[in-house]
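Since the structure comes first, as structure tokens, the remarks are kept for the end.
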Amino acid sequence: MKKLLMGTTISIVVSSTLYAASSQNAEIAQLQEDVKTLKLANQKMERESDANAMSGFQLAGYSSFDYANEENGEDSFSGVRFAPIFHYQYGDRFQFEGELDITINNEGETDIELEYAAGTYFVNDYLGVQIGKFLSPIGQFVQNLHPSWINKLPSTPVGFGHDGAAPTSNVGIALRGGLPKVANMRSNYVVFVSNAPTFGVAADGDVVIGAEGKTASVDGAKMWGARYALNPIGNMEIGISAATGDISEELLSGDELLRDYDVLGADFVYHFNAISLRGEYIQQKVGENTLSTLEGGTWRAWYTQASYQFSSINLEPVVRYSDYHNPETNRNQWAFGLNYLFANNIIAKIAYEINTDEDDSAIGSRANNNRFLAQFAFGF
Amino acid sequence: MKNIVKTIIIGLGVFISINTEMIATEADKADTVNGAQVWADTCMRCHNMRQPSDLSSRAWSFSMNHMRVRAGLTGKETRDILAFILASKTESDRN
């Protein structure tokens with residue numbers, strides 16, 4: 001009887017383990033099958049998505065809408081801007097960046113400018129060779145602060161807009177990159193050569209330096225320049241820049257002549273505890289040429305700006321003073337602004353500008369008018 | 001004067017390209033600790049900080065190459081910052 005019982009128990013145990021083992025085998029087989037299917041699906045997804053491709057394409061950019069109310073002038077919705085930036089890259093060896101600046105002018109027409117279009121080949125960790133149209137490496141504002149979601153005020157400092165004291169862009173070649181640390185300090189450089197700028201009388205009668213990159217240079221005239229910047233501590237940068245070369249002028253006769261051209265710049269920024277301080281000085285000097293009736297001279301401008309972010313209430317007050325001198329006039333401006341940050345890249349700004357211009361003799365001159373400005377800006 | 005400046009600039013260019021070719025170390029692994037440090041020391045200088053969750057992982061690889069040129073970063077700093085940003089993206093917004 002005992003034996004029978006034992007026999008039954010043993011056979012039950014054996015058969016149940018055998019059963020369990022076989023069902024486990026089936027489960028394992030099923031799991032293996034599942035893993036295989038998942039692997040295939042994953043491979044298919046990876047093949048189809050370009051996330052892992054060596055090369056690819058990406059869109060960024062910014063947009064802004066302006067309102068201006070000018071003392072003794074009119075008030076209007078004064079600006080609409082859409083600035084898409086195209087990025088293309090091939091691994092981390094090559095990248096292209098191109099920005100279109102699309103705006104509506106006061107006639108209601110659409111203006112499109114090629115703000116920059118340049119390819120950079122990264123030769124090694126410390127050297128990128130950039131070719132094309134790039135923003136002027138002289139100073140900071142033109143190159144790095146002009147996008148409306150970055151600029152903390154709705155306007156540019158006097159002298160830092162088009163046809164001012166600060167060069168705008170270059171068509172040529174630049175070598176640029178970050179350098180190995182020296183005494184635990186980081187630093188970076190840009191060295192460039194480009195077509196020479198132009199000098200002449202603008203449509204409004206002002207004598208201006210056309211420091212916008214061009215695809216021609218008279219007699220092969222060039223401009224050579226560099227910027228070197230040091231980061232003594234985190235979030236601080238001190239930069240110096242210089243350029244030299246020729247500037248070309250077209251005479252009424254159609255003849256072209258060259259003059260000496262020299263640029264100097266210095267800039268600093270320090271960001272600490274939600275406070276941001278920055279400033280910049282730039283001068284462009286145009287030499288004389290006795291064959292021309294236009295006098296040369298120095299165009300120079302500087303600004304300094306302070307801002308503070310109250311992160312708990314998303315508010316940011318800003319104050320900026322800017323000063324611009326050219327051979328025809330002296331101009332300065334105080335700007336007081338208040339920004340509301342919906343997000344770090346979505347900002348509503350209001351500002352009041354107090355403008356002073358020595359040369360307000362021209363009939364209808366508005367250079368002395370104070371302005372109230374509002375802007376909604378975002379980067380994407 | 002002009003020629004001196006030109007010579008210095010060309011000389012500097014040549015010097016930098018020759019020198020950097022020798023000291024550049026290519027395939028060192030991305031260091032997220034250094035990435036976090038350089039990120040905190042650099043990315044607020046020109047504009048408000050863009051959070052890792054602002055952009056997709058794919059978009060970050062483009063924007064970091066863009067910022068390498070803009071902010072004058074070295075290749076290693078760029079890789080380290082990208083590694084830090086991707087590591088700090090939460091699982092849910094990783095794509």
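These numbers come from the heavy atoms of this one structure, side chains and all, not from hydrogens, waters or symmetry mates. Chain A is the first sequence line, chain B the second, and so forth, proteins listed ahead of strands; every chain is numbered from 1.
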For a quick test of your reading: what N or O donor-acceptor pairs under 3.5 Å do the side chains of residues 132-142 of chain A make, sequence neighbours left out?
from	atom 1	to	atom 2	distance (Å)
K133(A)	NZ	L114(A)	O	2.8
K133(A)	NZ	E212(A)	OE2	2.9
S136(A)	OG	I138(A)	N	3.2

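In terms of heavy-atom pairs under 4.5 Å with chain A, the best-connected choice from M49(B), Q51(B), H47(B), E77(B) is H47(B). Residue with the most contacts toward chain A among S61(B), C43(B), A71(B): S61(B) (heavy-atom pairs, distance under 4.5 Å). Of the listed residues E237(A), M236(A), R176(A), Q130(A), the one with more heavy-atom pairs under 4.5 angstrom with chain B than any other is E237(A). Chain A forms the most heavy-atom pairs under 4.5 Å with one residue out of M64(B), Q37(B), M44(B), and that residue is M44(B). Heavy-atom pairs under 4.5 Å with chain B peak, among Q143(A), R186(A), K152(A), E316(A), at R186(A). Comparing Q89(A), H87(A), Q309(A), Q95(A) by how many heavy-atom pairs each has under 4.5 Å with chain B, the most go to Q89(A).
Note that the CG atom of N235(A) and the SG atom of C46(B) stand 10.0 Å from one another [nearest 0.5 Å].
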Q) So D54(B) and N345(A), side-chain contact (heavy atoms from CB on, under 4.5 Å) or not? Walk me through it. A) CA-CA 10 Å; D54(B) 268 15; N345(A) 52 328; 4.3 Å; yes
Q. Would Y88(A) and N65(B) count as a side-chain contact (heavy atoms from CB on, under 4.5 Å) if you check the C-alpha gap in whole Å, the side-chain angles of each, and the deciding distance to 0.1 Å?
A. CA-CA 10 Å; Y88(A) 168 83; N65(B) 266 340; over 6 Å; no
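Only the side chain of N231(A) comes within less than 4.5 Å of a heavy atom of chain B; its backbone N, CA, C and O stay farther away. For chain B, the nearby parts of Q58(A) are the backbone and the side chain; heavy atoms of each come within less than 4.5 Å. At a 4.5 Å heavy-atom cutoff, L59(A) makes no contact with chain B through either its backbone or its side chain. Within the 4.5 angstrom heavy-atom criterion, no atom of T78(B) approaches chain A.
The backbone N or O of T74(B) lies less than 3.5 Å from no partner atom in the side chain of D125(A), so there is not a single donor-acceptor pair. For R68(B) (side chain) and G178(A) (main-chain N/O), no donor-acceptor pair under 3.5 Å exists by modelled atom type. With hydrogens and angles ignored, the 3.5 Å screen pairs no side-chain donor or acceptor of N188(A) with any backbone N or O of L73(B).
R45(B) approaches R278(A) most closely through the heavy-atom pair O-NH2, 2.6 Å. Taking both residues in full, the closest heavy atoms of R50(B) and W149(A) are given as NH1-CH2, 3.3 Å, listed atom of the first, atom of the second, then distance. Across F57(A) and F62(B), no two heavy atoms sit closer than the pair N-CZ, 3.5 Å.
Taking 4.5 Å as the limit, some side-chain heavy atom of N48(B) sits within range of a side-chain heavy atom of L341(A).
For Y90(A), the OH atom is loosely surrounded, since the number of other residues' heavy atoms within 6.0 Å does not exceed 12.
Note that R79(B) lies outside the cation-pi zone of F122(A), set by a 6.0 Å cut-off to the ring centre and a 45° limit from the axis.
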